[in-house]
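What follows is a single structure, written as structure tokens, with notes after it.
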Amino acid sequence: MLEINVIRANPDFIKERLSVKNFAHLSLIDTALQLDEQRKQIQHKLDAALNQLNNLSKEVGAAFKAGKKDEAEALKAQTSTLKETITTLEAEAKQNEETLQDTLVQLPNLPHQSVPKGKTPDDNEVVTTWGNTPQLPKNALPHWDLASKYQLINFELGNKITGAGFPVYMGKGAQLQRALINFFLREANAAGYTEIQVPHVVNEASAYATGQLPDKEGQMYHIGLDGFYLIPTAEVPLTNLYRDEILREDELPVKVCGYTPCFRREAGSYGKDVRGLNRLHQFDKVEIVQIQHPDASYNTLEYMVRHVAGLLQQLQLPYRILRLCGGDMSFASALTYDFEVYSAAQQRWLEVSSVSNFETFQANRLKLRYKDPETKKNRLLHTLNGSALALPRIMAALLENNQTETGITIPAALHPYLSFDRIGE
RNA sequence: GGAGAGAUGGCCGAGUGGUCGAAGGCGCACGCCUGGAAAGUGUGUAUACUCCAAAAGGGUAUCGAGGGUUCGAAUCCCUCUCUCUCCGCCA
């Protein structure tokens, strides 16, 4: 959420930046400013009335103590109209506050200066491309066919026990999955991230603080009876660990990582885009999160991008890095790099990671701050996160890109985590 | 699931209707003391909004959350959330 005082300081700049995100409702800025002005006026009147009441109450007390009962009663009588005023003003203030909040919540984060203008994924900027497209054997198969040929993943069984989008990994498929998780976690640990196991179910306040609520309500599975949500990403619990915290400067940066399953309803997509592992309702992911000083967060973002690139290089998967254009960025992000892996048999790029700096957007909702030793003031921190990595599409690319006539070879980086180095003969 | 106890500042802890943003202690910061440190000692030490050009200073709110009683609530009443103890159940 954008801070109202930032908006107040330079509304034209805010509008200019939001238009890069193709944000259509720029008039909300003016609405917010009006409501803010109104808020001050109401608050001012209310404070004055409360002040009067406080003073009267003190006088009443003093009069009673002095034994001047009549005087006290007279003073008491004066409070009744004052109390009516207060009640009215309080109702106004509450109404105003809610409307202002509703308005602010609708404003997306400001894109960083380097974010390219654009509307669709076609406008994303390719920053780097790494690796060569593998030479596949004749009759190369897409991963869903490989998965059933070698009995690695059973999609039908998932249909039976749950529904579409819940694959069942088995045998070497399940082991490969586990190896990837271990590999990713060990790499994150080596890079200084503290491994954390978090709940996979979160409450409403957590989902709100990282920005999943209120706008992406429909994308999460909701446990109605308890008011909980299944996590769509470990970002939610990992970042909320630091909700309502005031950190010391010397505690920065905070670096945490975690493996969790992720649950997404993703209603409304059909066809080849969602075949096999391309798009699921449940998938596994290792997430890295950093909480950083505002002055250092963009260096940190680059550092996180290098970390993710290193993983893909070790897995020898050809990838490209995209700087997302304004129109393709998420609501909460200021700058996002997407990683896409080349899936050779499908001949398409698959998103496997998204690394973002949210600046103060999440921190504002989280009330996540640090104490500035110079000014002694609490300032909002910057939050960043990235997938490192999401498993299913990595699995898809590994299977497809490494297939031979007789089986699938496993990249050397995973050998320490597996009891086999090859699937098939 | 049954019975009971509790939630106060960074932490511990006092406070059962008035001058309480809240005693005291710990911690922390700065100063004094010291050759240096410890001990001792002095001062300071919440957050948000707001008034003022800014500083100084002032106002309002906040003692788990929300509502109520009252001229006045940390203190009384109601609802909710959470924590702890005992019993039951259970991986």
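A note on names: the letters A, B, ... follow the listed sequences, proteins ahead of strands, and every chain is numbered from 1.
Using a 4.0 Å cut-off, no side-chain N or O of A:R8 falls inside it from OP1 or OP2 of B:rC49. Listed pair A:N54 / B:rU60 meets the phosphate criterion, a side-chain N or O lying under 4.0 Å from OP1 or OP2. Side-chain nitrogen and oxygen atoms of A:K371 include at least one within less than 4.0 Å of the OP1 or OP2 phosphate oxygen of B:rU47. At B:rG59, none of the side-chain N or O atoms of A:N51 fall inside 4.0 Å of OP1 or OP2 (strictly under the cut-off).
Between the CG atom of A:L50 and the C1' atom of B:rU50 there is a distance of 13 Å, given to the nearest Å. Summarising the geometry, the separation between CD1 on A:I86 and P on B:rG68 is reported as 13 Å, rounded to the nearest angstrom. Remark: C1' of B:rU47 and CD1 of A:I246 are 7 Å apart, rounded to the nearest angstrom. One can place CG of A:D47 at 12 Å from C1' of B:rA48, the figure rounded to the nearest angstrom. With rounding to whole Å, A:K40 atom NZ is found 12 Å from B:rC52 atom C1'. As rounded to whole Å, 12 Å separates atom C1' of B:rC49 from atom CG of A:L100. Atom-to-atom, CG of A:L82 to C1' of B:rU60 comes out at 14 Å; the value is rounded to the nearest Å. What separates NZ of A:K83 from C1' of B:rU69 is a distance of 9 Å, to the nearest Å.
Between A:L277 and A:R393 the shortest heavy-atom distance is O-CG, 4.1 Å. The two residues A:L381 and A:P294 make their nearest non-hydrogen contact at CD2-CD, 4.5 Å.
Shown here, B:rU62 forms a base pair with B:rA46; the pair counts as Watson-Crick or G-U wobble because both key distances fall under 3.5 Å. Base pairing annotation: B:rU70 forms no Watson-Crick or G-U wobble pair, as no partner gives both donor-acceptor distances under 3.5 Å. Pair assignment for B:rC89 gives none, since no Watson-Crick or G-U wobble pairing has each distance under 3.5 Å. Across all strands shown, nothing is found opposite B:rG21 as a Watson-Crick or G-U wobble partner with both distances under 3.5 Å.
Taking the six-membered ring where tryptophan is involved, the planes of A:F331 and A:F361 are perpendicular, since the angle between them exceeds 60° and thus also 30°. A perpendicular orientation is assigned to the rings of A:F263 and A:Y221, their planes being inclined by more than 60° (bins at 30° and 60°).
Look at the C1' atom in both B:rG17 and B:rG72: the space between them is 8 Å, to the nearest Å. Taking atom P on both nucleotides, B:rC11 is separated from B:rU47 by 13 Å, rounded to a whole Å. Rounded to whole Å, the separation between the P atoms of B:rU45 and B:rU85 comes to 38 Å.
Closest to the side chain of A:N378, out of B:rC71, B:rU50, B:rU47, is B:rU47. Here the nucleotide nearest the side chain of A:V60, chosen from B:rG18, B:rU50, B:rU47, is B:rG18. The A:H44 side chain lies nearest to B:rU50 when the options are B:rU50, B:rU60, B:rA48.
Each of A:K94 and A:N5 was assigned the nucleotide of RNA chain B with the nearest heavy atom; the assignment lying further toward the 5' end belongs to A:N5. Residue order along RNA chain B, read from the 5' end via each residue's closest nucleotide, puts A:R39 first among A:R39 and A:A48.
A:N240 places a side-chain N or O within donor-acceptor distance of the main-chain N or O of A:S206, the cut-off being under 3.5 Å.
Inspection of the A:Y259 and A:E195 side chains reveals no N or O donor paired with an N or O acceptor under 3.5 Å.
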